[in-house]
Student: 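Below you'll find the structure I mean.
Everything numeric in this text was worked out from a predicted model, so none of it was measured. Reckoned from all heavy atoms, side chains included, excluding hydrogens, waters and symmetry mates. Within every chain, numbering begins at 1; the chains are lettered A, B, ... in the order of the sequence lines, protein sequences first and strands thereafter.
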2 protein chains.
Amino acid sequence: MARPLLHDETLRRRLLDTAASRIAHDGAASVSLRSIAAAAGTSTTAVYSLFGGKAELLTAVLDDGFASFAASQQQAAAGGLEALGRAYRRWALDHPALYGLMFGGSLAGQVPCQPTPGAAEPSIAPLFAAVAAALPGASDDEIASMVGVVWGQVHGLVSLELTGAPAAGWSWDAAYDAALGQIGRSLGR
Amino acid sequence: MARPLLHDETLRRRLLDTAASRIAHDGAASVSLRSIAAAAGTSTTAVYSLFGGKAELLTAVLDDGFASFAASQQQAAAGGLEALGRAYRRWALDHPALYGLMFGGSLAGQVPCQPTPGAAEPSIAPLFAAVAAALPGASDDEIASMVGVVWGQVHGLVSLELTGAPAAGWSWDAAYDAALGQIGRSLGR
DNA sequence: CCACGTTACGTAACAGTGTTATGCAATACT
DNA sequence: AGTATTGCATAACACTGTTACGTAACGTGG
């Protein structure tokens, strides 16, 4: 009997890359499976063989995004809380479509894909460590709550900026500076 | 010559209401124009006559949502900053699909509708007033930045909670309490 | 070395989507 | 009453994700 042929890894990567670049260029909304397959020089059924469907392909793109995001956070970890915050915003502004998929997709209820459980954890691990270092005597619950507060603050400002929210009267730069300053003050005390 | 017949207002409202309830029930993603029209007892072309298309119908639903949200905020304005924050979260948790459309739809790049310019302003006006009252001597820029910070904090926590983000180790209740407490402390000082 | 069972994936069909051309009944003014 | 004009139902169109089918390529047992 015959042994099953392994999935073609180069085609898989090519599909992933063209999907990612097409999403980054046109937004996840208007990207069709057919256009991805055609741009990758294959047919739609290849996606079904290699991933299972459009949702799984998007999930794979999204997991790649989480990996890149986590790497960016870990690289900034040495600089402390403020560096983490600035790297967070920079990555999001550099990958707006990916960030939207990662954190806003299921919010809008539009994309039928959600990150693999646990995919986001390496991304916030550096933040956890930084908060724990800044609050030496705090309990685990206090630290965890503070992580939620800081993450919420940073994510909120970034996602409002990305949606093109009005920003009536302020600049996102200034608001972000003020938020980071306030976080530093309330944690550094 | 004949005078044009005014648009049928009852059909317009029925379409708006069934669209809103269907969005609240199934999420904005999986709601089709055909299903809305059928549930309203009419045909898809009625939507084109009355609104112009699906995007405009969604925009109308979304503007209704902003009106309801602004009313909720204005009602809570008397209670100060903390009441505003709690009303913000309560409204969002009560209308998750609408909140996602209002603030996360364009983030995900999935919904081709965006709020009418200026529709969000009445919603944050009470927050503006409360921040200005809490910082009597502050400049306009400082007040505006602070509004951005507070809005970002509240929106970030609420939207993370709505996306079903991991919340590894903390409860959203506790994080929200901590955030509101911190806002009160940094503004009340 | 070669047939064979298994797989990768192109072709073509299907159901469902938003949108649009066509046509008819209802309307309000002359 | 007659008529120009509108509201909206019917049906077609282009497009989407998904799936049955068929074919070419492959690794292995003989």
Side-chain angles (χ1 to χ4, degrees), chain A residues 1-20 22-23 25-62 101 105-106 108-114, chain B residues 1-20 22-23 25-62 101 105-106 108-114:
Chain A
M1 61 199 102
R3 259 276 302 282
L5 196 61
L6 283 182
H7 280 157
D8 189 338
E9 193 62 27
T10 83
L11 181 54
R12 182 186 165 88
R13 269 248 65 88
R14 203 170 35 178
L15 276 170
L16 261 177
D17 291 344
T18 65
R22 212 148 254 265
I23 285 172
H25 191 270
D26 294 334
S30 51
V31 174
S32 75
L33 197 62
R34 283 171 151 88
S35 77
I36 294 175
T42 181
S43 197
T44 60
T45 42
V47 174
Y48 286 83
S49 293
L50 291 169
F51 296 91
K54 187 188 187 184
E56 286 84 356
L57 173 60
L58 289 184
T59 301
V61 171
L62 194 148
L101 256 190
S106 54
Q110 283 283 16
V111 190
C113 74
Q114 44 192 359
Chain B
M1 61 199 104
R3 257 278 301 284
L5 195 62
L6 285 181
H7 281 156
D8 190 337
E9 193 62 29
T10 81
L11 180 55
R12 182 187 165 87
R13 270 247 67 88
R14 203 172 33 183
L15 275 170
L16 261 177
D17 292 345
T18 65
R22 212 148 254 265
I23 286 173
H25 190 270
D26 294 333
S30 51
V31 174
S32 76
L33 198 62
R34 284 171 150 88
S35 77
I36 294 175
T42 180
S43 196
T44 60
T45 43
V47 174
Y48 286 83
S49 293
L50 292 168
F51 295 91
K54 189 189 187 184
E56 286 83 357
L57 173 59
L58 289 184
T59 300
V61 170
L62 194 148
L101 257 190
S106 54
Q110 279 284 30
V111 190
C113 74
Q114 43 192 359

Student: Measure the CD1-CG distance between B:Ile23 and B:Leu62 for me, rounded to the nearest 0.5 Å.
Tutor: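 If I round to the nearest 0.5 Å, the distance is 8.5 Å.
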
Student: Report the distance from atom CG of A:Leu11 to atom C1' of C:dT7, rounded to the nearest whole Å.
Tutor: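 To the nearest whole Å, that distance equals 14 Å.
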
Student: Quick one: A:Phe51 CZ to D:dG17 P, roughly how many Å, whole number?
Tutor: 15 Å

Student: What's the spacing between A:Leu33 CG and A:Thr45 OG1 if we round to 0.5 Å?
Tutor: 9.5 Å

Student: Could you tell me how far apart A:Lys54 (NZ) and C:dG16 (C1') are, to the nearest whole angstrom?
Tutor: 14 Å

Student: Among residues 33-46 of chain A, which residues get a heavy atom nearer than 4.0 Å to DNA chain C?
Tutor: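 A:Arg34, A:Thr42, A:Ser43, A:Thr45 - these, ordered by number, are the residues of the stretch whose heavy atoms sit under 4.0 Å from the strand.
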
Student: Over how many whole Å does the gap from A:Tyr48 atom OH to C:dA13 atom C1' extend?
Tutor: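 The answer, rounded to whole Å, is 14 Å.
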
Student: Would you please name every residue forming a side-chain hydrogen bond (donor to acceptor under 3.5 Å, both in side chains) with A:Ser43, sequence neighbours left out?
Tutor: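 So A:Ser43 forms no side-chain hydrogen bond (donor to acceptor under 3.5 Å, both in side chains) with any residue.
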
Student: Quick one: pull up CZ in B:Arg13 and OG1 in B:Thr18 and give me the separation to the nearest 0.5 Å.
Tutor: 10.5 Å

Student: Measure the distance from CG on B:Leu57 to P on C:dT19 and round it to the nearest whole Å.
Tutor: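 Going from B:Leu57 (CG) to C:dT19 (P), I get 10 Å.
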
Student: Please enumerate all residues that pass side-chain hydrogen bond (donor to acceptor under 3.5 Å, both in side chains) together with A:Ser32, with sequence neighbours excluded.
Tutor: A:Ser35

Student: Would you call A:Val61 and A:Phe51 a side-chain contact if the rule is heavy atoms closer than 4.5 Å?
Tutor: no

Student: Do the side-chain N or O atoms of A:Ser32 get closer than 4.0 angstrom to the phosphate oxygens (OP1, OP2) of D:dT16?
Tutor: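 Result: yes.
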
